Chemist: 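Here it is, the structure in full.
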Amino acid sequence: MALNYEPHILRLSDDILLQIMSFLKLEDILTVAQVCSRLEKISKDRTLWKEADLRPRFLTHAELEDAVKCFHRGTKVLASTGSVKLLSGKVQENTECLSPALFELVTQFTDLETLILEEHFINASILTYKCFPSTLKHLSMENCKLINVPVKESYFFNMATQTSHLESLNLNGCLWFEDHSMMAISKCPKLRILRLRGCVKVGTCAAYIFLSARFGFENIEVLDLRETAISDAEVRAFKSKPKLKRMYIDGRVHRKQDSDEIDRVTDRGINTPEEYAPHLEVLTLTNTEVSDVTLRHLARNMPNLQLIDVRGSKVTEPGVIRLKTEFPLLRVVCDFPEWTVDSSLISPNWWIDRDFIFQDDVKRHPSSVSTSRDATAEPPRHERIEIIDVGPGMVRLRRIIDRPVFPLPVPPEVVPEPASRQPPQLQSPRPEDQELPRSPESLRSSSSGSSSPSQLDNTHNPKDPSV
């Protein structure tokens, strides 16, 4: 039987059209909504906006406001991409900044728990942290660019009060983030995950990190400090946290700066006597200056370690073989293909880079990779923290590094040579040096292996009554 009408998508019922839209991405749903008023009405159904992931399409501020109007109390996730990369090198100033009005709509219509802002321009003097929803549990500001960042206080000031339920914070690639903001973040009572990869200013002022690690981050479990400027002192401060399970360190920033004055991540940051990390499961030490000494320390002080990544470090193949022999179940990612673990056995939740970048900008001396100690090697530097009283209830920390003192070279002993070398002349012995003829008794004693005449004179006979 032939059809007497032309098939058309609008001839379908609303339920079928809604089912079709459920398989589309939100960016495609926004495009379909522009066709007609009927599809626009269907696109605003509550079931389509439980997770509002608008990436990777860039939406203007007006388009974002239209999308937020479709939100409801069941919307728990909002993800958006800005124009940082899109306008990179094209304009000098920002053109699309997030406004407080947008987040007022978000707070009005939703109980948002996850907010993902990627590559957005943010004017810190207009959109403060107080504008973010107080119901947030997960916040990501990866690769965002902030302008007009306050100098006297952190952008995250009073963060623990504003978002008291925050569990994870992602600030990867935020070049504006500095150490003093760690103090505000460390006070969040439920924070478990902190990602600071690519924040090159982290580690420039170690005193803030010491205080934040000492008095905060009580529930931290995952800490990503790759491509930052941290050194041994900061690693020791965070390694002692009791609930820390995964820690990621990469010395790529130090490798790009060829200077002996830079504090790097070495064995001293991990191999600390009487310091244990019993809960640590994943440890990444790529592009650092750690050696086989660290591997021997891990066997004693980290019993629950499941994976370690030492690519680009000073770890040698015999050190890896010794570690695999003692702990065959430990997964090791190293520069030696025969002993590295298969990538299929690595869990994706462990955040191990598949495409590894090795930074070898720093020239390594032969003595640095040798296992034996050289007598002329550089003595280790000693670090200590000095507490200076500034005022009542106020102290200031200062890190003091005792520079190594090299021993002065000992000049070789100079032996003067004679002016002219002549063959030695034979001299006749003097009369007093000539040997006197021995008596028959002394000859008999010497032939029998007894003592010399001088020793016989000093030997007393015990039966002699004159003794």
Side-chain angles (χ1 to χ4, degrees), residues 25-27 29-30 44-55 59 61-82 97-144 146 150 153-172 174 177 181-196 212 216-224 243 349:
K25 297 181 180 179
L26 285 182
E27 57 176 337
I29 293 177
L30 294 176
K44 295 181 179 180
D45 191 85
R46 296 169 59 92
T47 59
L48 300 176
W49 294 92
K50 293 181 179 180
E51 296 183 0
D53 191 353
L54 304 175
R55 299 170 299 176
L59 300 180
H61 193 274
E63 293 175 338
L64 276 176
E65 288 186 349
D66 293 339
V68 169
K69 293 178 180 178
C70 301
F71 292 0
H72 51 86
R73 291 298 175 186
T75 304
K76 302 297 182 181
V77 179
L78 171 60
S80 174
T81 302
C97 280
L98 298 175
S99 65
L102 176 66
F103 287 93
E104 288 180 2
L105 293 176
V106 173
T107 306
Q108 178 181 356
F109 294 123
T110 68
D111 293 328
L112 204 65
E113 295 182 356
T114 302
L115 177 61
I116 302 175
L117 303 176
E118 295 181 355
E119 304 173 5
H120 273 282
F121 285 106
I122 298 177
N123 192 339
S125 61
I126 298 177
L127 182 65
T128 62
Y129 191 79
K130 296 180 180 179
C131 299
F132 290 170
S134 60
T135 57
L136 285 181
K137 293 184 178 180
H138 310 280
L139 174 61
S140 175
M141 301 176 64
E142 187 170 355
N143 295 324
C144 285
L146 263 69
E153 63 182 19
S154 171
Y155 180 75
F156 300 101
F157 178 72
N158 207 15
M159 181 182 190
T161 306
Q162 175 66 21
T163 53
S164 58
H165 303 286
L166 192 66
E167 298 180 3
S168 66
L169 179 63
N170 182 4
L171 298 176
N172 289 346
C174 294
F177 185 82
S181 296
M182 297 284 285
M183 296 293 297
I185 297 176
S186 64
K187 298 177 183 179
C188 294
K190 297 182 180 181
L191 187 64
R192 299 184 299 104
I193 302 174
L194 178 60
R195 306 182 66 174
L196 300 175
S212 61
F217 294 114
E218 297 299 330
N219 295 313
I220 195 70
E221 297 180 2
V222 181
L223 183 62
D224 192 351
K243 296 184 179 181
N349 297 329

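What you are looking at is a predicted structure, and each value in this text was computed from that prediction instead of being measured. We number each residue from 1, following the sequence as shown.
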Chemist: Taking all non-hydrogen atoms of both residues, which atom of Ala52 and which atom of Thr75 are closest, and how far apart?
Modeler: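 The pair with the smallest heavy-atom distance is CB-CG2, 4.5 Å.
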Chemist: Apply the test side chain to side chain contact (heavy atoms under 4.5 Å, CB included) to residues Leu30 and Glu63: give CA-CA distance (whole Å), side-chain angles for both, the deciding distance (0.1 Å), then the verdict.
Modeler: CA-CA 9 Å; Leu30 294 176; Glu63 293 175 338; over 6 Å; no
Chemist: I want to check something: taking the side chain as every heavy atom from C-beta on, are Phe156 and Gln162 in contact at a cut-off of under 4.5 Å?
Modeler: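 Not in contact.
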Chemist: Nearest 0.5 Å please: distance from the CG atom of Leu191 over to the CE atom of Met159.
Modeler: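 Output value for this atom pair is 7.0 Å.
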Chemist: Check for a donor-acceptor pair, side chain of Asn219 on one end and backbone N or O of Lys243 on the other, with a separation under 3.5 Å.
Modeler: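 Not confirmed, Asn219 side chain does not pair with Lys243 backbone.
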Chemist: Are the side chains of Phe103 and Phe132 in touch, meaning some heavy atoms are under 4.5 Å apart?
Modeler: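 Of all side-chain heavy-atom pairs linking Phe132 with Phe103, at least one is under 4.5 Å.
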Chemist: What pair of heavy atoms forms the shortest contact from Trp49 to Lys44, and how long is it?
Modeler: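 Looking at all heavy atoms of both residues, the closest pair is NE1-CA, 3.9 Å.
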Chemist: Atom SG of Cys70 and atom CG of Leu26: how far apart are they, to the nearest 0.5 Å?
Modeler: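 Rounded to the nearest 0.5 Å, the SG-CG separation comes to 9.5 Å.
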Chemist: Drop me the distance from Ile29's CD1 to Leu48's CG, to the nearest 0.5 angstrom.
Modeler: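 If I round to the nearest 0.5 Å, the distance is 4.5 Å.
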Chemist: Are there more than 12 heavy atoms of other residues, nucleotides or ligands under 6.0 Å from atom NZ of Lys76?
Modeler: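 It does: Lys76 NZ has more than 12 such atoms within range.
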Chemist: Got more than 12 heavy atoms from elsewhere within 6.0 Å of NE2, His165?
Modeler: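 Atom NE2 in His165 is not packed in, count stays at 12 or less.
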Chemist: Are Leu112 and Phe71 close enough that some pair of their side-chain heavy atoms sits under 4.5 Å apart?
Modeler: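 No; the side chains remain at least 4.5 Å from each other.
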Chemist: Using 0.5 Å steps for rounding, measure from the CD atom of Glu113 to the NE2 atom of His138.
Modeler: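 Interatomic distance, Glu113 CD to His138 NE2, rounded to 0.5 Å: 7.0 Å.
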Chemist: Going by heavy atoms in the side chains, are Met182 and Leu196 under 4.5 Å from each other?
Modeler: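 Yes, side chains in contact.
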Chemist: Could you pull out the closest heavy-atom pair between Val68 and Leu105, with the gap in Å?
Modeler: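 Distance-wise, the nearest heavy atoms are CG1-CB, 3.7 Å.
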Chemist: Can any side-chain N or O of His120 pair as donor or acceptor with the backbone N or O of Ile122 at less than 3.5 Å?
Modeler: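 Between the backbone of Ile122 and the side chain of His120 there is no qualifying donor-acceptor contact (under 3.5 Å).
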Chemist: Go through the steps to decide whether Thr163 and Leu139 satisfy the test side chain to side chain contact (heavy atoms under 4.5 Å, CB included), and finish with yes or no.
Modeler: CA-CA 10 Å; Thr163 53; Leu139 174 61; over 6 Å; no
Chemist: Side chains of Ile126 and Ser99: closer than 4.5 Å at any heavy-atom pair?
Modeler: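 No, their side chains stay 4.5 Å or more apart.
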Chemist: Heavy-atom count check: over 12 atoms from other residues, nucleotides or ligands less than 6.0 Å from Glu51 CD?
Modeler: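 For Glu51, atom CD is not crowded (no more than 12 foreign heavy atoms under 6.0 Å).
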Chemist: Less than 4.5 Å apart, side chain to side chain, heavy atoms only: is that true for Leu171 and Ile185?
Modeler: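 Yes; the side chains approach each other to less than 4.5 Å.
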Chemist: Scan Leu169, Asp224, Val222 and name whichever one has a side chain to side chain contact (heavy atoms under 4.5 Å, CB included) with Ile193.
Modeler: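 Option passing the side chain to side chain contact (heavy atoms under 4.5 Å, CB included) with Ile193: Val222.
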Chemist: Could you pull out all residues at least two apart from Thr128 that satisfy side chain to side chain donor-acceptor pair (under 3.5 Å)?
Modeler: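 Not a single residue meets the side chain to side chain donor-acceptor pair (under 3.5 Å) criterion with Thr128.
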Chemist: Report the residues that fulfil side chain to side chain donor-acceptor pair (under 3.5 Å) with Glu118, sequence neighbours left out, ordered by chain and then residue number.
Modeler: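 Applying side chain to side chain donor-acceptor pair (under 3.5 Å) to Glu118 gives Arg55.
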Chemist: Looking at side-chain heavy atoms only, is the closest gap between Leu64 and Ser80 below 4.5 Å?
Modeler: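 Result yes, sub-4.5 Å side-chain heavy-atom pair found.
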Chemist: To the nearest 0.5 Å, tell me how far Glu104 CD sits from Cys131 SG.
Modeler: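 SG of Cys131 is found 7.5 Å from CD of Glu104.
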Chemist: Which heavy-atom pair separates Leu146 from Met141 by the least distance, and what is that distance?
Modeler: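 In terms of heavy atoms, the two residues are closest at CD1-CE, 4.1 Å.
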Chemist: Could you go through Glu65 and Leu102, starting from their C-alpha distance and side-chain angles, then the distance that decides it, and tell me whether this counts as side chain to side chain contact (heavy atoms under 4.5 Å, CB included)?
Modeler: CA-CA 6 Å; Glu65 288 186 349; Leu102 176 66; 4.0 Å; yes
Chemist: Any idea which heavy atoms bring Leu136 and Pro133 closest together, and the distance?
Modeler: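 Minimum heavy-atom separation between Leu136 and Pro133: CG-O, 3.4 Å.
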Chemist: Check Arg73 against Asp111 and note the closest heavy-atom contact, atom names and distance.
Modeler: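 Arg73 and Asp111 have their closest heavy atoms at NH1-OD1, 2.9 Å.
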Chemist: Roughly how far, to the nearest 0.5 Å, is CG of Leu194 from OG of Ser168?
Modeler: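 Reported value, rounded in 0.5 Å steps: 9.5 Å.
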